[in-house]
Amino acid sequence: MNSLTYEKRKNRIFDIIQIGKKEDLASRIFDFLIVGAIIANIAVLFLETFDEVGKYSNILRVIELATVIIFLIEYLLRIWTAEYLYPNKSRGRAMLRFLISFEGIVDLCTILPFFFLSGFIAFRMLRVVRILHLFRINAYYDSINVITSVLSEKRNQLISSIFIIMVLMMASSLCMYNVEHDVQPEVFSNAFSGIWWSMSTILTVGYGDIYPITLIGQLMAIIISFLGVGVVAIPTGIISAGFVERYTQMQNHNETKRNVRGTVSVIVDETSPFKGQCVKAVENDYQIDIVVFIRNGAVIVPADLSEIMVGDMLIYQAQELS
């Protein structure tokens, strides 16, 4: 096999294992195979917890082995073809980039526990990570893209709100510990007991296992509960506002796409000045409005910080002069 044929086959395998390539029948079949393996693997994970299915343990073990083999083959193929996923990196750096990526780590954690089930509890707990594999089913569709883009755009506000919640939890836990420790030393034995109480009070309606019995403690609990309702509502409001903004942008983009004439499409290659830049920077530098871009067969509405990659097809128009 000459090098050209080898590269063509390797590139073809990369196209097949890419999720969401709707126009490629082989890729779609592979997607359904992976989805079936994920669902079967997680089903086994749940069924193994029932004593009633103990007599079918051998069958469950075979199903788990089959799915893990599928995951292992896919994992090795993705390492082998990583240079096509990161075309601007060398082969070794591309492989390393995949290995340390979120997807690569989840794939590895999906496989490892099968071989170390009788080992440390940490390896057995990693089996739960298999559920994260379900994110890959919808990884290239707009629903996931909207969620990730909203969280990315609002990350500073979310971090600030989480910081406020943590400060309130620490302050309320220390106050409650000082008030209740003398009368309930076995319940509020240390500051961590206060943290557990404040967490369950601020973020939920309280579990009832730890609660104040002094008058001052009960008054403080009332105040902290009211503060908790308001503070926890902050990140919820931020995310809700982000979704509204994002869907409004999507509707505007769709309306623009239907009504505006003169759109231009271009495929980003290694020599393109757009490669590696974010959407906002390209729009500002070249005075264009990027309507959508197509990546791996999926139509994506761009966010300001979306990175333009080699192989993307950009559909844009010139900005109107004011």
Side-chain angles (χ1 to χ4, degrees), residues 1 6 9-86 91-92 94-141 143-144 147-148 204 207 209 296-298:
M1 182 187 302
Y6 173 80
R9 291 187 178 181
K10 187 175 182 179
N11 193 18
R12 177 58 182 153
I13 291 175
F14 172 76
D15 290 336
I16 291 175
I17 65 177
Q18 284 300 102
I19 298 175
K21 299 200 72 172
K22 299 180 182 180
E23 73 284 355
D24 191 331
L25 178 60
S27 180
R28 294 293 290 168
I29 294 174
F30 184 81
D31 288 352
F32 284 120
L33 175 64
I34 293 298
V35 170
I38 293 171
I39 294 174
N41 191 281
I42 294 175
V44 169
L45 186 64
F46 275 87
L47 289 174
E48 285 180 343
T49 63
F50 292 87
D51 295 334
E52 295 81 359
V53 298
K55 57 184 177 180
Y56 303 109
S57 59
N58 291 334
I59 297 176
L60 296 178
R61 186 69 174 176
V62 170
I63 295 174
E64 185 178 22
L65 175 62
T67 57
V68 170
I69 290 174
I70 294 173
F71 294 152
L72 179 60
I73 293 174
E74 182 204 18
Y75 181 67
L76 295 176
L77 289 176
R78 291 192 180 279
I79 295 175
W80 183 47
T81 60
E83 60 193 276
Y84 297 106
L85 185 62
Y86 305 104
R91 178 175 299 180
M95 291 181 177
L96 179 61
R97 173 70 182 275
F98 173 77
L99 290 173
I100 63 176
S101 67
F102 174 78
E103 183 178 349
I105 294 174
V106 169
D107 287 350
L108 181 61
C109 292
T110 301
I111 298 166
L112 279 181
F114 180 82
F115 301 100
F116 297 96
L117 289 180
S118 59
F120 296 108
I121 190 172
F123 285 108
R124 298 197 296 272
M125 289 295 293
L126 282 177
R127 301 180 73 188
V128 181
V129 179
R130 295 177 185 178
I131 297 177
L132 298 180
H133 223 14
L134 287 170
F135 282 119
R136 299 184 51 201
I137 295 175
N138 205 28
Y140 288 89
Y141 294 92
S143 57
I144 294 296
I147 294 173
T148 54
T204 70
Y207 290 107
D209 55 340
N296 297 323

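Quick note: residue numbers are just sequence positions, from 1.
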Nearest atoms (heavy-atom pairs only) where E64 meets V44: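 In this case the closest contact between E64 and V44 is CB-CG1, 4.2 Å.
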Give, for atom [atom1] of [X] and atom [atom2] of [Y], the distance between the pair rounded to the nearest 0.5 Å.
{"X": "S27", "Y": "L25", "atom1": "OG", "atom2": "CG", "result": "9.5 Å"}
{"X": "N41", "Y": "I34", "atom1": "CG", "atom2": "CD1", "result": "11.0 Å"}
{"X": "I13", "Y": "L77", "atom1": "CD1", "atom2": "CG", "result": "6.0 Å"}
{"X": "L33", "Y": "E74", "atom1": "CG", "atom2": "CD", "result": "9.0 Å"}
{"X": "L76", "Y": "I73", "atom1": "CG", "atom2": "CD1", "result": "8.0 Å"}
{"X": "D15", "Y": "N11", "atom1": "CG", "atom2": "CG", "result": "5.0 Å"}

With the side chain counted from C-beta on, respond yes when F14 and E83 share a heavy-atom pair under 4.5 Å apart, and no when they do not.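 Result no, sub-4.5 Å side-chain heavy-atom pair not found.
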Any non-hydrogen side-chain atom of M95 less than 4.5 Å from a side-chain atom of Y86?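 The answer is no; the side chains never approach within 4.5 Å.
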I'd like to check the ring pair (Phe, Tyr, Trp, His ring centres under 6.0 Å) partners of F98; sequence neighbours left out, ordered by chain and number.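 F98 satisfies ring pair (Phe, Tyr, Trp, His ring centres under 6.0 Å) with no residue once adjacent residues are dropped.
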Under the 3.5 angstrom rule, does the side chain of S101 hit a backbone N or O of G104 as a donor-acceptor pair?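 Answer holds: yes.
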Please enumerate all residues that pass side chain to side chain contact (heavy atoms under 4.5 Å, CB included) together with A40, with sequence neighbours excluded.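 Scan of A40 (side chain to side chain contact (heavy atoms under 4.5 Å, CB included), adjacent residues dropped) gives I63, T67.
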Y56 vs L47, side-chain contact (heavy atoms from CB on, under 4.5 Å): CA-CA, chis, key distance, verdict: CA-CA 10 Å; Y56 303 109; L47 289 174; over 6 Å; no
Assess whether side-chain contact (heavy atoms from CB on, under 4.5 Å) is satisfied between V62 and N58, documenting all intermediate values. CA-CA 6 Å; V62 170; N58 291 334; 5.7 Å; no
Residues I17, W80; criterion side-chain contact (heavy atoms from CB on, under 4.5 Å); working and verdict: CA-CA 11 Å; I17 65 177; W80 183 47; over 6 Å; no
Set of salt bridge (charged side-chain N to carboxylate O under 4.0 Å, His left out) partners for R12, sequence neighbours left out: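 Listed in chain order: D24.
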